[in-house]
Amino acid sequence: MLPCAVIGSTGYTGIELVKILLQHPSVKLTALTTRQQESFPIQTLIPTLSKDINLKVEPYSFEQIKDKAELIFLCLPHTESAETGKAFYNAGKIVIDLSADFRLRSKESYETWYGVPHPSSELLKEAVYGLPEINRGKIKEAKLIANPGCYPTGSILGLAPLLARGLVETDSIIIDAKSGVSGAGKKLTSTTQFCEVDGNFNAYKVNKHQHMPEIEQILTDIAGAPIAITFVPHLLPIERGILTTIYLQKKKNVADAEINRAFLEAYDKEPFVKVRPEGLRPEGQFPSIKDVQRTNFCDIGFSVDAKTGRVIVITAIDNLVKGASGQAVQNMNIRMGFPEEEGLRRW
């Protein structure tokens with residue numbers, strides 16, 4: 001059994017991660033932490049758990065966790081994870097960070113978008129971006145895994161097959177994404193209060209969202225040329241899920257069948273990506289948020305406009321699972337040599 005710790009287990013991603021790991025047959029949870037000064041039973045945090053689970057959520061102690069766990073999940077806020085991750089990395093532990101602190105390779109970019117100096121910038125070159133469908137080989141050897149953001153996961157998976165094969169123009173990529181409120185985390189803000197969200201729908205951080213450089217960095221790697229995107233996120237009045245609509249222009253002389261083939265061949269053997277081929281079951285061609293809620297799947301649908309040559313790609317994920325905690329467990333499975341779907345077939 002692999003002894004694991006979850007640092008910051010009281011947020012939405014931390015709670016989701018604990019639920020998954022408690023059902024994982026190859027994992028033993030040995031430490032859960034909180035910022036509170038007193039420890040409390042895990043059932044206080046997750047009342048649906050059976051009473052025979054004796055875990056406690058305890059104040060953070062580096063020395064105690066270092067002795068208890070071999071793999072560390074960091075579910076801390078952005079800008080607060082880097083120093084903790086560095087400490088465990090230097091102690092020889094495998095670290096999977098669910099914050100943004102190790103996703104960007106440039107410390108200047110990190111400091112521009114997150115507004116603080118990076119305290120562990122020397123580790124940025126060591127971190128592996130943990131999107132399994134793109135980086136599985138590197139994840140297998142990684143000691144520090146930067147779990148992707150939720151918006152980037154749906155966006156990159158929807159674009160990667162087309163950019164990798166050079167089938168679309170790269171100068172006019174528009175990503176229109178909508179997320180449930182849990183994507184904003186537990187921190188209290190006026191925009192995520194019930195009276196503001198209920199019955200409402202709005203765009204936010206237009207062309208200013210911190211996930212933009214992350215998406216552009218990975219798409220640039222895939223395309224082999226600089227990629228700049230237009231990215232517009234929206235807040236949905238629902239608990240969880242992200243629906244992303246991507247607009248692209250097909251290159252001239254590219255047949256529609258090549259678009260279809262690119263998706264099918266890229267994801268045919270991927271356990272957590274499901275593609276809906278164009279023309280198959282037209283009434284169910286495009287995914288919806290309910291199709292993927294509480295699962296680790298990314299569902300993809302697409303269509304090519306014969307008149308304009310415009311390609312529309314729609315992806316759906318659960319922001320707390322494939323967009324965060326489920327993907328972190330998928331990364332752990334790959335890194336530790338466990339079956340990739342282990343602990344994630346819960347539905």
Side-chain angles (χ1 to χ4, degrees), residues 5-14 17 33 35 60-63 65-66 69 71-132 134-135 138-139 141-153 155-156 183-187 189 204-205 207-222 226-229 231 233 319 323-325 327-328 331-332 335:
V6 178
I7 312 301
S9 59
T10 60
Y12 292 134
T13 58
L17 182 57
T33 77
R35 294 181 180 181
Y60 173 74
S61 166
F62 172 77
E63 292 298 331
I65 294 168
K66 183 182 70 170
L71 189 145
I72 313 295
F73 292 99
L74 302 179
C75 296
L76 298 170
H78 308 314
T79 75
E80 296 182 23
S81 194
E83 289 188 351
T84 305
K86 178 180 179 179
F88 283 111
Y89 178 89
N90 288 339
K93 307 300 180 181
I94 298 169
V95 177
I96 299 179
D97 181 23
L98 280 76
S99 85
D101 284 4
F102 294 104
R103 294 175 191 161
L104 300 179
R105 291 191 291 268
S106 163
K107 72 181 184 68
E108 292 78 15
S109 181
Y110 176 87
E111 291 166 5
T112 296
W113 286 90
Y114 290 92
V116 297
H118 199 294
S120 308
S121 59
E122 71 277 11
L123 291 183
L124 293 177
K125 65 181 183 298
E126 306 296 332
V128 171
Y129 190 72
L131 189 56
I134 304 299
N135 264 350
K138 293 182 179 179
I139 293 167
E141 306 296 330
K143 294 183 179 179
L144 174 59
I145 298 171
N147 215 60
C150 51
Y151 280 131
T153 294
S155 300
I156 294 167
K186 273 192 172 181
K187 185 177 180 180
T189 65
Y204 67 101
K205 291 187 179 179
N207 282 327
K208 296 179 180 179
H209 197 282
Q210 65 273 13
H211 284 171
M212 285 183 66
E214 180 183 340
I215 297 170
E216 291 177 340
Q217 173 181 275
I218 303 304
L219 294 183
T220 294
D221 291 345
I222 293 167
I227 298 291
I229 61 171
F231 179 63
N319 58 293
S325 303
Q327 187 145 256
N331 279 319
M332 176 194 71
R335 175 60 180 84

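- Ser99 and Glu80 share no donor-acceptor pair across their side chains, judged by distance under 3.5 Å alone.
- Applying the side-chain hydrogen bond (donor to acceptor under 3.5 Å, both in side chains) rule to Thr33 yields no partners; only residues at least two apart in sequence or on another chain are considered.
- Checked by atom type and distance alone, the side chain of Asn331 pairs as donor or acceptor with a backbone atom of Gly130 at under 3.5 Å.
- Checking side-chain atoms of Glu214 against main-chain N and O of Gly149 turns up a donor-acceptor pair under 3.5 Å.
- Annotation: side chain of Val116 is not in contact with side chain of Glu111 (no heavy-atom distance under 4.5 Å).
- Considering CZ of Phe73 and CG of Leu17, their distance stands at 5.0 Å, rounded to 0.5 Å.
- The side-chain heavy atoms of Tyr129 and Ile134, taken from C-beta on, include no pair separated by under 4.5 Å.
- In this structure, Ile65 and Phe88 have side chains that are in contact, with non-hydrogen atoms separated by less than 4.5 Å.
- Of the possible polar contacts, one joining the Gln217 side chain to the Arg105 backbone as a donor-acceptor pair under 3.5 Å is found.
- Ring geometry for Tyr151 versus Tyr204: interplanar angle of 30 to 60°, hence tilted.
- His78 contributes no side-chain N or O that, together with a main-chain N or O of Asp101, makes up a donor-acceptor pair within less than 3.5 Å.
- With hydrogens and angles ignored, the 3.5 Å screen pairs no side-chain donor or acceptor of Ser120 with any backbone N or O of Leu123.
- Of the possible polar contacts, one joining the Thr220 side chain to the Ile227 backbone as a donor-acceptor pair under 3.5 Å is found.
- At a threshold of 4.5 Å between non-hydrogen side-chain atoms, the residues Ile156 and Leu219 count as touching.
- Taking every heavy atom of both residues into account, Ser81 and Leu74 meet most closely at OG-CD1, 3.3 Å.
- Ser9 OG to Arg35 CZ: the interatomic distance, rounded to the nearest 0.5 Å, is 11.5 Å.
- If you run side chain to side chain contact (heavy atoms under 4.5 Å, CB included) between Phe231 and each of Lys208, His209, Glu216, only His209 comes through.
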Worked verdict on Cys150 versus His211 for side chain to side chain contact (heavy atoms under 4.5 Å, CB included): CA-CA 9 Å; Cys150 51; His211 284 171; 4.1 Å; yes
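- Put simply, the side chain of Arg103 gets close to the backbone of Leu98: a donor and an acceptor are under 3.5 Å apart.
- A donor-acceptor pair is defined here as one N or O able to donate and one able to accept, closer than 3.5 Å; no such pair exists between the side chain of Asn147 and the backbone of Asp97.
- Two residues are said to be in side-chain contact when any heavy atoms from C-beta on lie closer than 4.5 Å; Cys75 and Ile7 fail this criterion.
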Determine, step by step, whether Glu108 and Trp113 satisfy the side chain to side chain contact (heavy atoms under 4.5 Å, CB included) criterion, reporting the C-alpha distance in whole Å, the side-chain angles of both residues, the deciding distance to 0.1 Å, and the verdict. CA-CA 9 Å; Glu108 292 78 15; Trp113 286 90; over 6 Å; no
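- Residue Leu124 holds its CG atom at 10.0 Å from OG of Ser109, rounded to the nearest 0.5 Å.
- With values rounded to the nearest 0.5 angstrom, Gln327 atom CD is found 12.0 Å from Asn319 atom CG.
- Judged by distance alone, with hydrogens and angles left aside, the side-chain atoms of Ser325 form a donor-acceptor pair with the main-chain N or O of Thr13 at under 3.5 Å.
- Between Leu144 and Val128, the closest side-chain pair of non-hydrogen atoms is not below 4.5 Å.
- With no hydrogens or angles considered, no side-chain donor-acceptor pair links Ser61 and Glu63 at under 3.5 Å.
- The local environment of CD in Glu122 is crowded, with over 12 non-hydrogen atoms from other residues, nucleotides or ligands closer than 6.0 Å.
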For residues 89-96, which side-chain N or O atoms pair as donor and acceptor with protein atoms under 3.5 Å away, sequence neighbours left out?
| unit_1 | atom_1 | unit_2 | atom_2 | d |
| --- | --- | --- | --- | --- |
| Asn90 | ND2 | Lys86 | O | 3.4 |
| Lys93 | NZ | Lys66 | O | 2.8 |
| Lys93 | NZ | Ala69 | O | 3.0 |
| Lys93 | NZ | Glu70 | OE2 | 3.4 |

